[in-house]
**Student:** 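First the structure, which I've put down as structure tokens, then a few questions once you've had a look.
The analysis underlying the following values was restricted to heavy atoms, covering all of them including side chains, and did not include hydrogens, waters or symmetry mates. Protein chains get the first letters and strands the later ones, always in sequence-line order, with residue 1 at the start of each. Model, not experiment: these values are computed from the prediction.
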Amino acid sequence: MKIAVTGINNVDSPGPGVPVIRGLKDSESINAEIIGLSYDTLEPGGYMPGITDKVYLIPYPSGGIENTFERISFIHSKEKFNVLIPTLDSELYGFLKLTDRLSSLGIKTFLPTFDNLNLRAKDKLFDFCTANNIKVPKNILVSGTNDLHRISSEFEYPVVVKGIFYDAYIANNLEEVQSAFKKLASRWGLPIIIQEFIKGDEYNVVALGDGSGETIAAVPMKKTYITDKGKAWAGITIDDEYLLNLVRHAVERLKWKSGAEFEFIKDGETNQYYLVEINPRLPAWVYLAVGAGQNIPEALLKLAIGEKIKPMTEYKTGTIFIRYSWDLITDIKTFESLAVKGEKDNKSLKN
Amino acid sequence: MTKRRYERPVITKHHSGFMNKFGNSPVSVPKTEIDGVAVKKLTEEYGSPLFVISEKQIRQNYKNLFRIFRSRYPKIQMTWSYKTNYLNAVCSVFHNEGAWAEVVSAFEYDRARKLGIRGENIIFNGPDKDENALIRAIEEKAKIHIDHFDELYQIIELAEKMGKQAQVAIRVNMDVGIYPKWDRFGFNYENGEATEALRRIAINKNLKLIGLHTHIGTYMMSTEAYRTGASKLVHLANLLKSQFGLVLDYIDMGGGLPSYNTLKGQYLQAEELLPTLEQYADAITAPFFELNYSSDEMPTLFLENGRVLIDDAGFLITQVLANKRLSDGKRAIIIDGGVNILFTSFWYKHKISPAQQTSVHTENAAIYGPLCMNIDCIREDIVLPTLKKGDQLVVHHVGAYNVTQWMQFITLRPNVVMVMEDGSVELIRKSEDLDYIMSLESIPAKLQTGVK
Amino acid sequence: MAKFSVPSNLAVSESGFLFVPSSGETFTLNEIGSEIFMMLKKGSEDKEIFETVVDSYDIDLYTFEKDFSDFITQLKNHKLIKEL
């Protein structure tokens, strides 16, 4: 089966495309041929042997969805792929809007719904959690520096200052809040989220919902080594039924469709889990779940093509992932093809 | 020997982490005609820059929005938001489709009356309604939406003096979970001001309370905010019925629906981010079924949409005056339409297409208007094919707030034409000329000497 | 009349791809851009280039002069040529 996958930027803060592809390639039942969709001529997934069979450049979502659709239709006319798996959060709204048109071309997707995305939005998560009995750090939304005075009466420093789409800073005083506010507002717009800082360890769960409320797969992981960008460098699967039930409860209440990453912080003093974020896509560490026994990319693909699958509940505790970097050597000719023609055949690349 | 087709020479540097050229085709589709009329022909006849309004698109938008709401709630009355675009021809298309008039000043009220709209079909909103306007509105049974207590008492006094009953509603502002809150217009829901105002109206014989109004904000991207707004008005309506036995004729949910224009500072494109009209309609109408009204008492749902009905029916045709390179090598394009006529370019990243077939090579550029003013920037960054002097560009989605907020500054305001459904073109607002502008001025006698 | 110098290690490939060995930068040129670049490399003067282009392409001299000077500005900006 031909499957198109985005997010093959397997760099220091990697997109989930390459690990998703590894999961698909591991599957014995689907015989995956992968069309990599790359936003940049240098995304490593387009050069790594055994990952993408062909790679095409596609426009950034911020270039407009018409533009994206035109390019995807063109690629589809040449490659006739069956399923499209976008893996980056910034693409989701665009591909979601295109679902019907993609499906009329015969391209299947399995994306979260608009309701899913709205309920988990950074400015709405607090309301969702409090309504559903899930612990969540206190937060307020601010839309101007004039509102920042509320912080001193409602929070204790440090606080977390978050952009509406991405990025977060920890601020220890009002000056730091103001500086973070300016950076975030100019990059991602308003409002800005001020969130209670909870001291403790990070626990993440990768999950897959079928859209009816059922959790098809879920694997919890503790980050054991974190990069200076806050990304997991290494992590280990853990056995925590309470945490899994928390995720199943959220998936059920959200009727979550597609993959997601639930980020928790376990308060060092009270041992309570706080849900800090739901990322509406599979995480870059999803291959850990595959390694532990739940091939989530394969399951997502099967849901996309309409197969029924039973929830997976078993996985191996104590499975570890360690991310490493690796310098791939290639000739300028391989780059030229992608840079000038916007496409590149990888069939000659040796594993 | 036939010569080869020319395209200007271009070199593009590969940047990683920036837009690749396979991402640059949004502008590759030129907009050569508007409703079948060639852009070139329009400007040959009416000059450049030129505002073009599509009658067909307005009617389509209207019918579509009406259908979406009507299929969810049986009693819908649309009212045309005059301030969005009050050109007579534009208002007339809406009135012809069945819309009432929604006005926010004596000036707009008089415009609607001149178009023959009866007072009872006018919604009179806004914080500034002068005494004469209020007298006229009471006399003509216009639906007056009261904004504050001072206005409430002024209407009570006037109606008493006139021995008439004024047809009134109040505008209610409330926390609908959006930031910043819109709490400067109308009476606040949470602090009890709204119920207090309603109580006073309900017991006054010179006032007839016929409706409730809210307008939760502009360019609203959240459907939930509308649901909250509608729920709160429904709650007030239920209160009025249970406490005073008062049954309302209508609930006015205002406007605020966004068009597919992308705001500056908005990361995702509007078309990606915005909910569908169906989703908005679901959120607005659902709470109406919580009313404690019998089925024959159900109020009419009034809508005051402007932007969403007119924005994509308006185009601005401009032409390239010059190309230049800025100090850092970036391309700058100077066009003949500036911020003085395209006010919305202050807050939107307008979509702009070339009006003729162009090269496939594109380049990032800044687009400046013709004013000798640094503020006159239409787009700071836009990927466009290379253009030459005289090439035309079409700015999309300019139907709302431009031909009302434009100003006469440095140059004169241009013609506005309407492409009619049958493909004919009508001039609906003539460009200004020097005599017209100067006719409003006079020079004191002692200043009439000096260098000649 | 103007003449330009192009470093000898610069060459445009058939697909319009230009790699600068000394800086590692890469560029794409369109067809006519590649042609002009090769003419510059050969040492052609601007007048010669004008004649060649106006002869073989459907374009008038003044328009091409404007485009040419813009192209030269870009090449200079990218430090790919020097005016002699």
**Student:** Can you give me the closest heavy-atom contact between B:Arg8 and C:Asn30, atom names plus distance?
**Tutor:**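 Minimum heavy-atom separation between B:Arg8 and C:Asn30: O-ND2, 2.8 Å.
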
**Student:** With a 4.5 angstrom heavy-atom cut-off, is it the side chain or the backbone of C:Phe64 that approaches chain B, or both, or neither?
**Tutor:**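 Both backbone and side chain of C:Phe64 come within 4.5 Å of chain B.
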
**Student:** Decide yes or no for B:Arg4 and C:Glu31: does some side-chain heavy atom of the first lie under 4.5 Å from some side-chain heavy atom of the second?
**Tutor:** yes

**Student:** Pick out which of C:Ile32, C:Asp60, C:Val54 makes a side-chain contact (heavy atoms from CB on, under 4.5 Å) with B:Tyr6.
**Tutor:**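 Single side-chain contact (heavy atoms from CB on, under 4.5 Å) partner of B:Tyr6 among C:Ile32, C:Asp60, C:Val54: C:Ile32.
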
**Student:** With a 4.5 Å heavy-atom cut-off, do C:Asp67 and B:Thr386 have their side chains touching?
**Tutor:** no

**Student:** Measure the shortest side-chain to side-chain distance between C:Phe71 and B:Val10 over non-hydrogen atoms and say whether it is less than 4.5 angstrom.
**Tutor:** no

**Student:** Would you say C:Phe27 and B:Thr12 make side-chain contact, with heavy atoms under 4.5 Å?
**Tutor:** no

**Student:** Under 6.0 Å between ring centres, would you say that holds for B:His14 and C:Phe19?
**Tutor:**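 Not close enough - the centres of the two rings lie 6.0 Å or further apart.
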
**Student:** Which pair of heavy atoms, one from B:Pro9 and one from C:Gly33, lies closest together, and at what distance?
**Tutor:**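 So the two residues come closest at CB-CA, 3.8 Å.
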
**Student:** Residues of residues 327-334 of chain B under 4.5 Å from chain C (heavy atom pairs)?
**Tutor:**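 Result: B:Asp328, B:Gly329, B:Arg331.
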
**Student:** Could you tell me whether the side chain of C:Gln74 reaches within less than 4.5 Å of the side chain of B:Glu363, counting heavy atoms only?
**Tutor:** yes

**Student:** If you count heavy atoms of other groups shown closer than 6.0 angstrom to CG of C:Asn9, is the number above 12?
**Tutor:** yes

**Student:** Please test B:Arg5 against C:Asp58 for salt bridge (charged side-chain N to carboxylate O under 4.0 Å, His left out), starting from the C-alpha separation and ending with a verdict.
**Tutor:** CA-CA 6 Å; B:Arg5 203 176 77 79; C:Asp58 178 24; over 6 Å; no

